[in-house]
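Here's the structure, in structure tokens; my notes come after.
Every chain is numbered from 1 and lettered A, B, ... according to where its sequence line falls, protein lines coming before strand lines. Remember, it's a predicted structure, so these values are computed and weren't measured experimentally.
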There are 2 protein chains.
Amino acid sequence: MARSDVNAGPEDYPLTAAERVANELTEIILRDLAPGASIPSEADIASRFEVSRLTVREAVKMLVGRGLLHIGRGRRAVVREPDSSVFAALLVSIVRNDPKGLFDLIELRMAMESLSSGLAAKRASRAGVQAIDAAMRDMRASAAEAADGENPEAEARFHESDLQFHEAIAMASGNRVIAFIFEAMAKPLRESFVMSRRGQTLRGAGRVETVEAHQAILDAIRAGDQRAAVDAMRAHLKSTELDIRSHLASGVAAA
Amino acid sequence: MARSDVNAGPEDYPLTAAERVANELTEIILRDLAPGASIPSEADIASRFEVSRLTVREAVKMLVGRGLLHIGRGRRAVVREPDSSVFAALLVSIVRNDPKGLFDLIELRMAMESLSSGLAAKRASRAGVQAIDAAMRDMRASAAEAADGENPEAEARFHESDLQFHEAIAMASGNRVIAFIFEAMAKPLRESFVMSRRGQTLRGAGRVETVEAHQAILDAIRAGDQRAAVDAMRAHLKSTELDIRSHLASGVAAA
DNA sequence: CCATAGAACATATCAGATAGGTGTGAGGGG
DNA sequence: CCCCTCACACCTATCTGATATGTTCTATGG
């Protein structure tokens, strides 16, 4: 079996007690326990594995770090719905440690969003479309406020609703894996926005175009036109990418 | 800022000391420490944050779970290159808890691989192409052995080299995010293969076709023909998907 | 029948102690 | 003078035991 152990690493060495417990717990959780179920108490597990409660504690903490468990004080640890924040941290780590990491991310994002946009057109629920529409309205509102010059707060909201729009489409695709990954991607993307704001306003002149592009995508999804949705999304992302590229280039030059 | 805390969950409650330390450590690591660097000793961190060593220990364990640190006995914890195994566990959790999770995964995989195949054609290094070729050869060898009927071991190797082939392409794409995600995807895919083998031989008759399809992809990548690489990959995955679909359908019927 | 105060249980965190793995530097041999 | 070796200092692994605090269940009194 491929290494997927807690604390898997380059060196080979005997597993610590805590790691052993963590791995066995992981299997039990993935195999037998649905999200929402709670695991036995620390003392219970401790006696079952014949280790001290503290060792169990460390093992449980590892699984918390992995995003498999949630601990509330005074109650038993609960199995958690997979949470994208753990993956998000990993993505941030990749993006930060690689000069072209952000571009890699955007490159993949384009492919994923072309897909999710088409899928959303094919099978978005009414609620899904409404969520996209809501983001759309937020965007228009903040765009109007941000239009008249200096309004960093509205600009931030504009960007946020931009991300919301795309996230809503990912959700509406009905593909949980896509939704999960996209949600995680939002974190490094948000960060890059914060960084970029130090230099200048991102796409200051492009807000109207962005809103229009979004509208076109939403219309295609509403109409259930898969091909149009894919094309509209692709066009939108292509122009966005160019913006970011030129922006980051100037940003690097400024730094 | 969006919640990306260790142990972030539905409930709101004051962070425990360990969580606080974990979050602050995470920031320090992501901001200041490159992979390979080691963090201060537990005692050191404990005095700095004014908590007991045990609390630091728990915090560190959470980060180990997150895949950000690696602990070796007797030495300081080391910052780790992002490791896909953590994400892989999350994917397994998604796939297992959702009846159509595997299809979602395959759906996304198709989009990602069409992309990575094209990227590989555009910018694969010589070493990258060699890795793909190596998987190709493994595949031919095991296909030959598996051809004459009952040889489950060769069949397993065939499937493994199949995955290797695709993974090598993901690597050759030069996109670290794609490589990372694809590596993680392999785990649930491998699992589904193991499950499927219980019923019948997967694509027993399709091995020759698979090898040929792979060869076509490799040729396109070698030739640097981006469009051909994308098309070949897409065609290959499409037929694979149909196989898996019909296979799982019969598997479900049998169960 | 319902509300509420404890009792019972669970986690959070600390202190202190022992065991055993790692790395380093002093000193001896070549 | 360089290299090897071994003891010691440092570090993590794990345990025991104790206190604090939050949660859940239950029995009792209104």
Side-chain angles (χ1 to χ4, degrees), chain A residues 5-26 28-29 33 36-80, chain B residues 5-26 28-29 33 36-80:
Chain A
D5 298 339
V6 164
N7 201 28
E11 289 112 61
D12 258 358
Y13 64 97
L15 258 59
T16 65
E19 282 164 6
R20 215 192 61 232
V21 173
N23 288 334
E24 298 205 26
L25 277 183
T26 300
I28 292 174
I29 290 170
L33 269 42
S38 51
I39 67 173
S41 76
E42 293 177 354
D44 209 0
I45 298 171
S47 70
R48 207 177 301 181
F49 285 95
E50 294 183 314
V51 293
S52 83
R53 201 174 73 93
L54 180 58
T55 303
V56 173
R57 219 175 148 57
E58 289 182 356
V60 169
K61 291 285 179 183
M62 287 196 238
L63 301 193
V64 168
R66 279 203 149 182
L68 262 64
L69 291 178
H70 172 82
I71 305 185
R73 189 168 183 152
R75 45 181 109 168
R76 294 178 179 179
V78 175
V79 178
R80 211 164 101 188
Chain B
D5 298 339
V6 165
N7 202 28
E11 291 110 62
D12 259 358
Y13 63 98
L15 261 58
T16 65
E19 283 165 6
R20 215 191 61 233
V21 173
N23 288 333
E24 298 204 28
L25 278 181
T26 300
I28 293 174
I29 290 170
L33 268 44
S38 51
I39 66 173
S41 78
E42 292 178 357
D44 208 359
I45 298 171
S47 70
R48 207 176 301 181
F49 285 95
E50 293 183 315
V51 293
S52 83
R53 220 195 90 196
L54 177 59
T55 303
V56 173
R57 218 175 151 59
E58 289 182 355
V60 168
K61 291 285 179 182
M62 288 196 239
L63 301 192
V64 168
R66 281 204 146 181
L68 262 64
L69 291 178
H70 173 82
I71 305 185
R73 188 168 185 149
R75 47 180 109 167
R76 294 177 179 181
V78 175
V79 178
R80 209 164 104 188

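- When each of A:Val79, A:Leu25, A:Thr26 is checked for a side chain to side chain contact (heavy atoms under 4.5 Å, CB included) with A:Leu68, only A:Thr26 meets the rule.
- For B:Phe49 and C:dT13, the CZ to C1' distance is 17 Å, given to the nearest whole Å.
- Taking 4.5 Å as the limit, every side-chain heavy atom of A:Ser38 sits out of range of all side-chain heavy atoms of A:Arg75.
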Inset, instruction - Please lay out, stage by stage, how B:Ile39 and B:Val60 fare under the test side-chain contact (heavy atoms from CB on, under 4.5 Å). - result: CA-CA 10 Å; B:Ile39 66 173; B:Val60 168; 4.3 Å; yes

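- Spacing between atom CD1 of B:Ile71 and atom C1' of C:dG21 amounts to 14 Å, rounded to whole angstrom units.
- Proximity of A:Arg75 to the phosphate of C:dC9: no side-chain N or O atom is located under 4.0 Å from OP1 or OP2.
- The strand DNA chain D forms stems, runs of 3 or more Watson-Crick or G-U wobble pairs with distances below 3.5 Å, at C:1-30 with D:1-30.
- Scanning both residues, A:Lys61 and B:Ala18, for their nearest heavy atoms gives NZ-CB, 4.4 Å.
- Heavy-atom minimum distance, A:Ile45 versus A:Pro40: CD1-O, 3.5 Å.
- Considering all non-hydrogen atoms of both residues, B:Ala17 and B:Val51 come closest at CB-CG1, 4.3 Å.
- Of the candidate nucleotides C:dC14, C:dA10, C:dA12, C:dC14 has the atom nearest to the side chain of B:Ser52.
- Look at CE on B:Met62: it is 13 Å from C1' on C:dT11, rounded to the nearest Å.
- Protein atom NE2 of B:His70 is 11 Å distant from nucleotide atom P of C:dT22, rounded to whole Å.
- Between chain B and DNA chain D, the heavy-atom contact criterion of under 4.0 Å yields a 5' to 3' nucleotide range of D:dC11 to D:dT14.
- A:Arg20 and A:Phe49 get closest at one heavy-atom pair: NH2-O, 3.7 Å.
- A pairwise comparison of heavy atoms in B:Ala59 and B:Ala22 identifies CB-N, 3.7 Å as the closest pair.
- In this structure, B:Arg57 places its CZ atom 14 Å from P of C:dC14, rounding to the nearest Å.
- If you take CZ of B:Arg73 and P of C:dG21, they are 6 Å apart, rounded to a whole angstrom.
- Nearer the 5' end of DNA chain C, as judged by each residue's closest nucleotide, is the contact made by A:Ala43, out of B:Leu54 and A:Ala43.
- Going from atom CG of A:Leu63 over to atom P of C:dT11 covers 14 Å, rounded to whole Å.
- In this model, the phosphate group of C:dA10 is approached by a side-chain N or O of A:Arg76 to a distance below 4.0 Å at OP1 or OP2.
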Legend entry - Check against side-chain contact (heavy atoms from CB on, under 4.5 Å), A:Met62 and A:Glu19: CA-CA 8 Å; A:Met62 287 196 238; A:Glu19 282 164 6; 4.0 Å; yes

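- Per the geometry, CD belonging to B:Glu19 stands 10 Å off C1' belonging to C:dA12, to the nearest Å.
- Nucleic acid contact for A:Arg53: base, since at least one base atom lies under 4.0 Å from a heavy atom of the residue.
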